[in-house]
Amino acid sequence: MLSRGLSRGAVAVSITAAIAAVGSSFLYSRWFRPLGSSSCARSMAAHVKALTSPYPGSQVQRTPVPPEKICWQVDWPEYDPVDYTAPYVLTNPPWADPPLGSEGFSPKFNALDGAVQRQSLQDTYSVEKGVPRNPVGRTGVKGRGLLGRWGPNHAADPIITRWKQDSDGRRVTDVNTGKPILQFVAIQRKDCGQWAIPGGMVDPGELVTATLRREFCEEALNSLEGTGDQTENEKKIQELFSQEHLLIYKGYVDDPRNTDNSWMETQAVNYHDETGHLLNQLRLEAGDDAGKVQWVDVSSECSLYANHASFILILAHKRGAHW
């Protein structure tokens with residue numbers, strides 16, 4: 001299942017473009033920097049897509065925010081962002097909060113609120129007059145936009161990988177770098193036609209590990225349906241998701257759906273089949289929310305949805321792969 005409230009026509013970015021957009025120093029600082037640390041400089045680097053207009057799925061124009069005024073610590077008394085929450089979110093679907101001030105709705109921010117996780121993956125965020133405030137800075141829009149939750153909206157992105165092999169089962173290396181080529185499972189999104197890492201929202205009370213497995217099975221394996229050898233495939237998936245995994249990223253996501261009061265956070269986790277014995281014979285099948293699914297070579301020529309390219313860049317470096 002794709003992340004809820006996804007925008008149509010979002011701009012695809014290559015890994016190289018992602019570095020140019022947010023700065024390589026930002027990517028590596030997020031790789032090595034403790035999650036709780038923050039600064040205005042990081043805020044300026046992080047908000048790129050979260051400042052784009054029009055807001056996804058609408059004609060709403062964000063209030064322009066200069067880079068030097070993204071950080072909340074910079075005084076800007078004239079700041080008056082447009083207020084926007086998508087009409088469908090206001091119909092109160094089960095994955096969305098009601099409007100603040102609604103009868104019986106008293107969210108507990110920076111805490112586990114019943115089954116809803118309102119804690120940030122990074123740090124405690126500010127709540128001003130009962131309204132959560134984006135921890136990275138201003139976005140030019142207040143309200144929730146397309147997002148369901150006030151405050152952090154938690155997602156999980158499983159990055160499933162193997163080494164590219166030739167017909168004899170030997171690893172394929174790039175002729176220029178001499179490094180082995182890594183492949184990952186990518187889906188083509190139906191909402192915008194762009195290639196992406198499978199992923200989706202963490203349901204209330206759900207463990208992230210369960211979300212990672214569920215999203216991969218739903219989007220890349222069509223929940224293992226119609227394969228003819230479902231039991232064998234389920235065993236392979238169980239083994240894949242039971243082995244040691246590699247955390248690629250955990251924290252705030254520069255997402256075009258972010259607002260001053262609602263934002264995306266994710267955990268991108270790599271499950272790797274070192275020999276290929278689990279994944280080489282597993283037939284990929286796109287689920288209802290995905291147009292296509294296939295193995296994609298990791299390289300700087302990849303074109304991926306949103307900031308998924310930055311995750312793949314970190315993955316390539318951590319695995320010592322060509323990119």
Side-chain angles (χ1 to χ4, degrees), residues 1-6 30-31 33-36 93-97 107-125 132 135-136 146-161 184-187 189 196-221 223-224 234 236-255 257-258 262-273 278-279 287 289-290 304-308 310-312 314-315 318-319:
M1 177 172 54
L2 294 174
S3 300
R4 300 171 178 89
L6 298 171
R30 294 308 303 268
W31 183 353
R33 184 195 299 270
L35 291 177
W95 46 267
D97 291 332
K108 299 176 182 178
F109 295 117
N110 289 299
L112 180 61
D113 185 13
V116 178
Q117 181 56 269
R118 301 190 190 277
Q119 288 180 306
S120 172
L121 294 171
Q122 294 185 193
D123 206 349
T124 300
Y125 52 88
V136 171
L146 287 167
L147 300 178
R149 303 293 179 193
W150 295 98
N153 289 253
H154 293 283
D157 297 307
I159 309 176
I160 310 302
T161 59
F184 71 100
V185 175
I187 60 165
R189 300 166 60 106
I197 298 167
M201 307 305 290
V202 180
D203 289 336
E206 185 178 37
L207 294 175
V208 171
T209 51
T211 307
L212 291 163
R213 175 172 173 164
R214 171 174 58 80
E215 290 295 338
F216 178 69
C217 290
E218 288 181 356
E219 295 187 6
L221 300 177
S223 294
L224 301 173
E234 286 180 344
K236 292 178 181 178
I237 292 301
Q238 177 62 32
E239 183 176 348
L240 177 68
F241 282 89
S242 297
Q243 67 183 12
E244 185 176 354
H245 56 269
L246 181 64
L247 179 64
I248 299 299
Y249 181 82
K250 179 179 180 180
Y252 182 93
V253 178
D254 178 31
D255 192 286
R257 295 166 291 177
N258 291 351
S262 297
W263 58 92
M264 288 295 303
E265 297 189 10
T266 196
Q267 295 186 54
V269 180
N270 176 219
Y271 292 90
H272 180 65
D273 183 6
L278 294 176
L279 297 174
D289 291 327
L304 298 175
Y305 170 79
N307 69 334
H308 289 187
S310 63
F311 300 159
I312 299 301
I314 295 172
L315 169 66
K318 286 195 171 187
R319 290 286 179 191

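Heads up: numbering here begins at 1 and tracks the sequence. Values below: every heavy atom of this structure, side chains too, minus hydrogens, waters and symmetry copies.
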Looking at every heavy atom in both P198 and I187, which two are closest together, and how far apart are they?
CG-CG2, 4.0 Å
With rounding to the nearest 0.5 angstrom, report the CG to CD distance, L279 to E239.
10.0 Å
Which is it for F184 and I312 under the side chain to side chain contact (heavy atoms under 4.5 Å, CB included) test, yes or no, and what are the steps along the way?
CA-CA 9 Å; F184 71 100; I312 299 301; 4.1 Å; yes
Least distance between heavy atoms, L121 atom then G251 atom
CD1-N, 3.8 Å
Has the side chain of N110 got a donor or acceptor atom that lies under 3.5 Å from a matching backbone atom of S120?
no
So do the side chains of L246 and H272 get within less than 4.5 Å of each other, counting heavy atoms only?
no
For N258 and L147, what are the C-alpha separation, side-chain angles and deciding distance, and is it a side chain to side chain contact (heavy atoms under 4.5 Å, CB included)?
CA-CA 8 Å; N258 291 351; L147 300 178; 4.1 Å; yes
NE2 of H308 to OG1 of T266: how many Å apart, nearest 0.5 Å?
7.0 Å
Mind listing the closest non-hydrogen atom pair of Q119 and L112 along with its distance?
CG-N, 4.1 Å
Would you check if the side chain of E219 reaches a backbone N or O of G199 as a donor-acceptor pair within less than 3.5 Å?
yes
Test side chain to side chain contact (heavy atoms under 4.5 Å, CB included) on L304 and F311; report intermediate values, then the result.
CA-CA 10 Å; L304 298 175; F311 300 159; over 6 Å; no
May I ask you to test the R149-P132 pair for a side-chain heavy-atom distance under 4.5 Å?
no
Checking side-chain contact (heavy atoms from CB on, under 4.5 Å) between T211 and each of H154, E206, M201, which is the one that passes?
E206
From L240 atom CG to F216 atom CZ, the distance as rounded to the nearest 0.5 Å
7.0 Å
In Å and rounded to the nearest 0.5 Å, what is the OH to CZ distance from Y125 to F109?
6.0 Å
Is it the case that the side chain of D255 and the backbone of M264 share a donor-acceptor pair, with hydrogens and angles ignored and the cut-off at 3.5 Å?
no
Could R118 and D97 be called an ion pair, given the rule that one side-chain N must be under 4.0 Å from one carboxylate O?
yes
Between Y271 and F241, how do the two ring planes meet: parallel, tilted or perpendicular, split at 30° and 60°?
tilted
Closest heavy-atom pair, N307 versus D254, reported as atoms and distance to 0.1 Å, is ND2-N, 4.2 Å
Considering only heavy atoms from C-beta outward, does the side chain of I237 approach that of C217 to under 4.5 Å?
yes
Between R214 and D203, is there a side-chain N and carboxylate O pair less than 4.0 Å apart?
yes
Between N153 and S262, do the side chains contain an N or O donor and an N or O acceptor separated by less than 3.5 Å?
no
Interatomic spacing from CD in E215 to CG in L221 - rounded to 0.5 Å
12.0 Å
Roughly how far apart are I160 CD1 and H245 NE2, rounded to 0.5 Å?
11.5 Å
When you look at R319 and N270, which way does the side chain to side chain contact (heavy atoms under 4.5 Å, CB included) test go after all the steps?
CA-CA 10 Å; R319 290 286 179 191; N270 176 219; 2.8 Å; yes
Closer than 3.5 angstrom, by distance alone: can the side chain of E265 be matched with the main-chain N or O of P152 as a donor-acceptor pair?
no
Check whether any side-chain heavy atom of P107 sits under 4.5 Å from a side-chain heavy atom of W150, and report yes or no.
no
